[in-house]
Structures are given as C-alpha cells and as structure tokens.
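Structure, as structure tokens:
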Amino acid sequence: MKAVIAAAASLLLTSTASAQNFGVDVSFPIHYNFIGSDNLSATNEVFGNDRVELYSKYMDGCIKRYGGHRANSLCSHNEADRLRLNLEQPKLQTNYTEIGFKKTKLSDETRSMLQTFWAG
C-alpha cells in the first residue's frame with residue numbers, strides 16, 4: 001500500500017498539474033470514464049497522456065485477468081457501477097452535523113499507531 005501511495009505521489013509531483021485545471025476525473029476516473037470522453041482533453045492538458053494510458057492498462061489488466069471484451073466485460077460493468085455509485089451515494093447519506101462531518105482530535109494511542117505505521 002505504501003508503495004502505491006509513494007508511486008502516486010511521485011507521479012503527481014513530477015506531473016505538469018496546475019491548481020487551475022485539477023479536479024475530479026482529471027487524474028483518475030471518479031465520476032465519469034475519461035477514455036473516449038470529453039474529459040480526455042482535460043486529462044491530457046493537466047497530466048499528459050500517461051494518466052489515460054495508466055487507466056487503460058488498469059482496465060486491460062482487469063479484462064485480461066477476468067475475461068470478456070472491453071464493452072461487455074465484468075470489469076467494465078463493475079467500473080460502471082463504481083462510477084455510478086460515486087455519483088449517487090453521497091446524495092443518499094445523512095449529514096450528522098451542519099457541514100457533514102465533525103473534526104475531532106485523535107487519541108494519543110491512535111496517533112502513535114498511525115505515525116508508527118506510516119514511518120516504516
């Protein structure tokens with residue numbers, strides 16, 4: 001997990017991303033599949049073609065592992081469900097405070113466990 005986070009951080013730090021162009025669906029599909037969509041130009045503008053290639057390899061690897069063809073594979077159906085749920089689920093959640101979350105301080109024990117985990 002740490003290696004994945006480190007690789008993602010490295011890619012972000014070496015990319016040409018700018019705060020003006022960065023947003024949802026630009027680095028990786030969150031709400032809409034950017035392969036073959038209007039978001040492709042935004043993705044290329046901010047990150048270059050490498051993000052599209054990464055996502056395409058991600059989907060191709062899934063299809064290779066679990067079978068099917070791009071349009072009708074289990075991977076494509078699951079990906080469509082993931083994207084749909086990312087759009088629909090937040091609307092169905094109940095906010096427990098006026099702003100939707102509550103900021104609290106971690107206990108010393110929990111903070112120590114997190115620091116130990118992320119330190120190595």
Side-chain angles (χ1 to χ4, degrees):
M1 182 63 164
K2 287 182 192 178
V4 171
I5 293 170
S10 173
L11 182 60
L12 287 174
L13 291 173
T14 59
S15 72
T16 59
S18 73
Q20 293 174 332
N21 297 327
F22 189 81
V24 71
D25 290 325
V26 176
S27 61
F28 203 79
I30 303 299
H31 291 153
Y32 302 99
N33 184 338
F34 60 56
I35 294 180
S37 74
D38 292 339
N39 293 332
L40 184 59
S41 63
T43 302
N44 283 334
E45 181 181 325
V46 176
F47 288 100
N49 196 44
D50 58 325
R51 301 310 295 171
V52 176
E53 289 178 20
L54 177 75
Y55 180 70
S56 185
K57 286 180 184 178
Y58 164 78
M59 290 301 293
D60 289 344
C62 181
I63 292 166
K64 183 177 179 181
R65 170 70 170 91
Y66 296 104
H69 299 284
R70 178 153 311 257
N72 64 359
S73 70
L74 183 60
C75 297
S76 295
H77 290 291
N78 286 341
E79 182 67 355
D81 283 343
R82 180 185 72 82
L83 296 171
R84 180 184 55 77
L85 288 172
N86 284 346
L87 283 171
E88 293 177 8
Q89 279 183 330
K91 295 182 252 180
L92 303 174
Q93 302 304 309
T94 302
N95 288 339
Y96 294 102
T97 68
E98 219 175 278
I99 58 173
F101 62 91
K102 183 176 180 181
K103 187 175 177 181
T104 61
K105 187 173 181 174
L106 290 176
S107 69
D108 291 339
E109 179 184 1
T110 303
R111 184 175 178 86
S112 176
M113 287 171 44
L114 287 170
Q115 286 176 323
T116 300
F117 176 81
W118 289 109

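Just so it is clear, the structure is predicted and the values come from calculations on it, not from any experiment.
Tyr66 contributes atom OH, which lies 14.0 Å from atom OG of Ser76 (distance to the nearest 0.5 angstrom). The distance from atom OH of Tyr58 to atom CD of Glu79, rounded to the nearest 0.5 Å, is 5.0 Å. The CZ atom of Arg84 lies 8.5 Å from the CD atom of Gln89; values are rounded to the nearest 0.5 Å. Here the CZ-CG distance, from Arg65 to Asp60, works out to 15.5 Å after rounding to the nearest 0.5 Å.
Nearest heavy atom pair, residue Ser73 against residue Ile63, reads OG-CG1, 3.5 Å.
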Please list, one pair per line, the donor and acceptor atoms closer than 3.5 Å that link side chains of residues 104-114 to other protein atoms, with sequence neighbours excluded.
| unit_1 | atom_1 | unit_2 | atom_2 | d |
| --- | --- | --- | --- | --- |
| Ser107 | OG | Thr110 | N | 3.1 |
| Ser107 | OG | Thr110 | OG1 | 2.9 |

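Every residue meeting the side-chain contact (heavy atoms from CB on, under 4.5 Å) condition with Leu74, not counting sequence neighbours, appears here in chain and number order: Asn78.
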